[in-house]
Amino acid sequence: MYRKLPKELTQMSLEQEILDFWDRENIFIRSLEINSKFPRFNFFEGPPTANGKPGVHHVISRTIKDIGCRYKAMTGYYVERKGGWDSHGLPVEISVEKQLGLSNKREILDYGVENFNKHCKDSVFTYLKEWEFITHRIGFWLDLENAYITYQPYYIQSIWWIIAQFFNAGLVYKGHKVLPYCARCGTGLSDHEVALGYQDTEDPSIYVMMKLRSPLPEETEIPVNTYFLVWTTTPWTLLSNLALAVHMDYEYLLVENDGRNLLIVKERADAVLGEGNYRILRKFKGSELKDLDYDPLFDFVESDKRSHYVLLADYVTTDDGTGIVHIAPAFGKEDYEVGKRCDLPMVQLVDEQGNISQEAIPFAGKWFKDADPEIVDDLKNRGLVFKIGTMVHSYPFCWRCESPLIQYARSGWYIRTTAFKDEMIRENDRIKWYPPQIGSGRFGEWLKNNVDWAISRERFWGTPLNIWICDDCGKTHAIESFAQLREMSVEPIPEDFNPHKPDVDYMKLKCPKCGGQMTRTPEVIDCWFDSGSMPFAQYGYPFGISEEEFMTKFPADFIAEGVDQTRGWFYTLLAISTFLKGVSSYKTCVSIELILDKNGRKMSKSKDNVADPFKVIERFGADPLRWYFLTTSQPWLPTRFDEDSVNETLRKFFDTLRNTYNFFALYADIDGFIPDGEVPNTLDNVMDRWLVSRLNTLIAQYREWMDDYQMTRAARGIQNFVIDELSNWYVRRNRRRYWGSGLYDDKLVAYKVLWQALITVCELMAPIAPITPELIWRELTKSGREKWGDSVHFRQIAKPNYNLIDEQLEMQMGYVIKLVELGRLARNIAKLNVRQPLSQLIGIVPEGIELSQALVDVVKEELNIKSILFSQNEKTIYKYSAKPNFKTLGKRFKSEMNHVKELIESLTSDEVCRGMENGDWSIMLDDHPVSLVEEDLVIKVTPKPEFTVTSDKGITVAINTKITPELRAEGLARETVNRIQNTRKEAGLEVTDRIELALVTMDEELRNSIEMHKKEIANETLASKLHLEPLENPLYMREWILGQVKLQIMLSKIDS
RNA sequence: GGCCCAGUAGCUCAGUUGGUUAGAGCGCAUGCCUGAUAAGCAUGAGGUCGAUAGUUCGAUUCUAUCCUGGGCCA
């Protein structure tokens, strides 16, 4: 028995049943075993951190990953799918800080690093259950049991080895640089981390005046009341201002404005001062301003070195500001460079925690951002502020804690990635990117501007940076394995030591150079280095795996992650493997765009528009959600997420598929059809040939698309096939073939074809939405479990059989469908429903289109038409008549004109037509033949009265609307059948039940019609006995009105 | 400010190697069909294919500029 899948079986419970089955029968693991004989297809899982709840955007990326892997597994590859978890880094630390009520590094140190890290380790998997649940629930087959975790010792050892390779190649250095710094987290950030946190924000926009204290060029007096006009959006850096910079080539103006003299670049004068609000006193070239001194705004720090004077710098622009740039070497990359070049002193009046230093007395201890208004007020009180406003601009924030970043001079460790930048660019060109512009554009451009990777973080929970420094001679050494650590260690190291802070900090090494004691540098490694190392570290390379085995698992053939990983994981993967192996660690990369809410806005907690995947899945199921994501738009386009559309996917696609299966199951059960998987090579039925052809075309297209990661097209292809072609055309057209009793040949073939189509659809769907097709497939193959196997996921997806593709037929069927549509439209217009048979349809189709009798029969049946005539000749449906053109003929015939008119108007349609063919019409005027040409006549074309005509795209259909008494009788009989069937259903009968039937009416015409078609009616309705008199004790009775006429239907069930 | 993506029906999206009348689903209206039935089919209304200019016999499609939205970067 084929199980029916009724409405009561919700998508939710259907899916649960299969998920349980997979668990119970170990289907995933077994699928791996089955495929182990195939060549490998490598997939790398980009590790998520399980310390946040998975969102709907995680569902799409996990779906894409799953589809990529499943498709390859079903087309001849062994796809190992090792899961992984990211566990280190700031996100974890920050959530623990919150949890413990700590707010900065100092407090963490006071709390104790050991305890702090213990909490971090525990918190990593706060939402592990949710992650495992969603992974499992959406059917993402991922080996979570053997997942790598970046905090595991073997993983860390691998990272150490990698760092040591960089170190030994001379690519690791310690640098003192200005870098983006999060004062709250107390750590510098790498460029790709900074890139994650740009936000539009409102900052003060302040123009300050810095008073000149040396004479202007060619003058000797110090000018009175004269100021440099300087713009900044970071007032707190003014405390540490040490110089001003101008561009040597720009023209600067000394202007009088509101009683004081200001210096400003010419291009900005109108914008800043207001057009006409100033009077130009003098002009200078930037270079002339060099070395002019000015009064410091603040005098917190004394220095021997010269400061507070004008410098020249190329980076000064006239895009905004005043063309005079304030320089605080501690708080800007360029400022720092200039400061070094000009030997400015170092003044850094913000401490590592982001508070104003003690020296800056009135503001000391304030968070740098909070000091802004007070600094501005102070300057304002001293009359040094020209203008205050605010401006919205894009400013970097810490990607996890959301504090504003500052440029801050720090020391840190770097990897000289610029040394192999060209190799990375070359490797990037070899990666197949979806969409391509990510690779060539966003990522490619970024690689061209590659800067060295700042890999150290002054934090706690991370892979400790494995560099030890000799306390005596300063030698540095990068430990490359635990074995080497033990070897060089002063104290013995226990077997199960914890390679984290603070334990590792206590380990001292013996300096190989001077024999002194070496201490580890205190930093941890950027957690992006962890994830970027995963191709190696997930196997503990080079320790836990042989080179040979490793190279079979490297590089990845396919990865897929959110587009925000471009400068994150995509970069770190490329950088590390390009250095170690000279190649990219991935060949194909699908980048997945944002999921927006239904209004096109980014989902965010603050807007309360974040879709909860658990709820969506509970309502509509995981397969519909997956299918929706795939079909709604390409994964690399931003997708608007709309729950209603998921529901629509469920109803339109999944329910249609189930209905189609249910239809098959219903009849296949009755007839006891057992599939053998064979479809005859020659099919008599044109619908069968067509469906098989379409099916093979679909397989061919599907494979082509999926091979090219055009998953959206593939899914849409399946969907259109199932809904339009399989369900609404093939099954609907063929229903009758399944109705008769007995398993005769034609019916057997019909079952085979439908079975094959359903099986194939399940196989094609399986990678995309794996659960539902598993259930249907298993039902379809139930009778041959041994032969077919336990799961659709053990199957290899069919290859197209090109011999079965008949493009001619597919095209012709296109015409059939079009003819049917036009026929229905014509019936609509003529207000003739389909149950009323009609005598004739005339179709006018383009030349060269020939339809076989079988296809013509399809049109006939579908439209309930007795005969169809094809014609290139419009004469058959149109009537032509002619009228005289008085303009030309009037002059010619003068008084005879009236007679001529009569003659012309009396021309038959055929005569007019003949004239149209040879361009000559002749009439007999009083025995004289008179010849007329085209311009003498006005020809009118009208459909013949018995036709209703419709046309579209070069096809014209005319139906003959004349209804003869015979046709009418037949129509009435069909109406009667329809009412009987409805009655049967109301009475709750099975479609196979036989009945005794009585049809009672007072209307003579209806009664005669029934009498005339008694046999057909009885046949159609499985009536063993048909009476025209009332039954004694009917099981069910119902009165219907046909048009104006009453019909009483009574029926009883007959036990067979 | 630079780069990338998108802009097609009320909404979500197809499509166009440049070619007669630009499509689907949803929603709305009307009709039909129903032995798959909480489905299905057809029809209708609804489009300056973001704007302008250019190339061309012909542009929604190619080119340029601009506008709007999104992303990335400065």
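Residue numbering restarts at 1 for every chain, and letters A, B, ... go by the order of the sequence lines.
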(message) Between B:A9 and B:G15, how far apart are the two C1' atoms, rounded to whole Å?
(response) 14 Å
(request) May I ask you to verify if any side-chain N or O of A:Arg713 is less than 4.0 angstrom from the OP1 or OP2 atom of B:G15? (result) yes
(message) Looking only at side-chain N and O atoms, does A:Trp1040 offer a donor or acceptor that is under 3.5 Å from a partner on A:Asn982?
(response) no
(request) Would you classify A:Val563 as touching base, sugar-phosphate or nothing, given that sugar-phosphate means primed atoms plus P, OP1 and OP2, and contacts are heavy atoms under 4.0 Å? (result) nothing
(request) Could you tell me whether A:Ser727 contacts a base, only the sugar-phosphate backbone, or nothing, with contacts defined as non-hydrogen atoms closer than 4.0 Å? (result) base
(message) Using a strict threshold of under 4.0 Å (side-chain N to carboxylate O), is an ion pair present between A:Glu1020 and A:Lys1015?
(response) no
(request) Could you work out which one of B:A36, B:A14, B:G35 sits closest to the side chain of A:Gln634? (result) B:A14
(message) Using whole Å, what does the distance between atom P of nucleotide B:G27 and atom CG of A:Asp642 come to?
(response) 12 Å
(message) Is it the case that the base of B:G35 and the side chain of A:Gln981 share a donor-acceptor contact (distance under 3.5 Å, atom types as modelled)?
(response) yes
(request) Using the side chain to side chain contact (heavy atoms under 4.5 Å, CB included) rule, pick out the option among A:Leu1022, A:Thr1021, A:Thr983 that qualifies with A:Leu997. (result) A:Thr1021
(request) Measure the distance from CG on A:Leu637 to P on B:A6 and round it to the nearest whole Å. (result) 7 Å
(message) Classify A:Ile438 by what it touches in the nucleic acid, base, sugar-phosphate, or nothing, heavy-atom distance under 4.0 Å.
(response) nothing
(message) With a 4.0 Å cutoff (strictly under), does any side-chain N or O of A:Asn833 reach OP1 or OP2 of B:C33?
(response) yes
(request) Return the orientation label for the A:Tyr408 and A:Tyr181 ring planes: parallel under 30°, perpendicular over 60°, tilted otherwise. (result) parallel
(request) Provide, to the nearest angstrom, the distance between the CD1 atom belonging to A:Ile592 and the P atom belonging to B:C72. (result) 16 Å
(message) Using whole Å, what does the distance between atom P of nucleotide B:G70 and atom CG of A:Asp564 come to?
(response) 18 Å
(request) Between B:A64 and B:U55, how far apart are the C1' atoms? Round to whole Å, please. (result) 11 Å
(message) Counting the atoms with a prime plus P, OP1 and OP2 as sugar-phosphate, which does A:Thr632 contact under 4.0 Å by heavy atoms, base, sugar-phosphate, or nothing?
(response) sugar-phosphate
(message) Contact between A:Tyr434 and A:Asp708 at the side-chain level, heavy atoms closer than 4.5 Å - yes or no?
(response) yes
(request) Between A:Leu726 and A:Glu593, just flag the one whose closest nucleotide in RNA chain B comes earlier from the 5' side. (result) A:Leu726
(request) Establish, from distance only, whether the side-chain atoms of A:Trp433 and A:Ser591 form a donor-acceptor pair under 3.5 Å. (result) no
Taking N or O atoms only and anything under 3.5 Å, show me the protein contacts with nucleotides 38-41 of chain B, one pair per line.
unit_1, atom_1, unit_2, atom_2, d
B:G40, OP1, A:Lys652, NZ, 3.3
B:G40, O3', A:Asn728, ND2, 3.0
B:C41, OP1, A:Asn728, ND2, 2.8
B:C41, O2', A:Arg824, NE, 3.1
B:C41, O2', A:Arg824, NH2, 3.1

(request) Decide, yes or no, whether a salt bridge links A:Glu970 with A:Arg974 under the criterion of side-chain N to carboxylate O below 4.0 Å. (result) no
(message) Do the side chains of A:Arg694 and A:Asp724 get close enough for a salt bridge, i.e. N-O under 4.0 angstrom?
(response) no
(message) Classify A:Asp655 by what it touches in the nucleic acid, base, sugar-phosphate, or nothing, heavy-atom distance under 4.0 Å.
(response) nothing
(request) Among the candidates B:A6, B:C73, B:G35, find the nucleotide nearest to the side-chain atoms of A:Arg567. (result) B:C73
(message) Under 4.0 Å, heavy atoms only, any strand: does A:Thr566 hit a base, just the sugar-phosphate, or nothing?
(response) nothing
(request) Would you kindly give the OH-to-P distance between A:Tyr434 and B:C5, to the nearest whole Å? (result) 17 Å
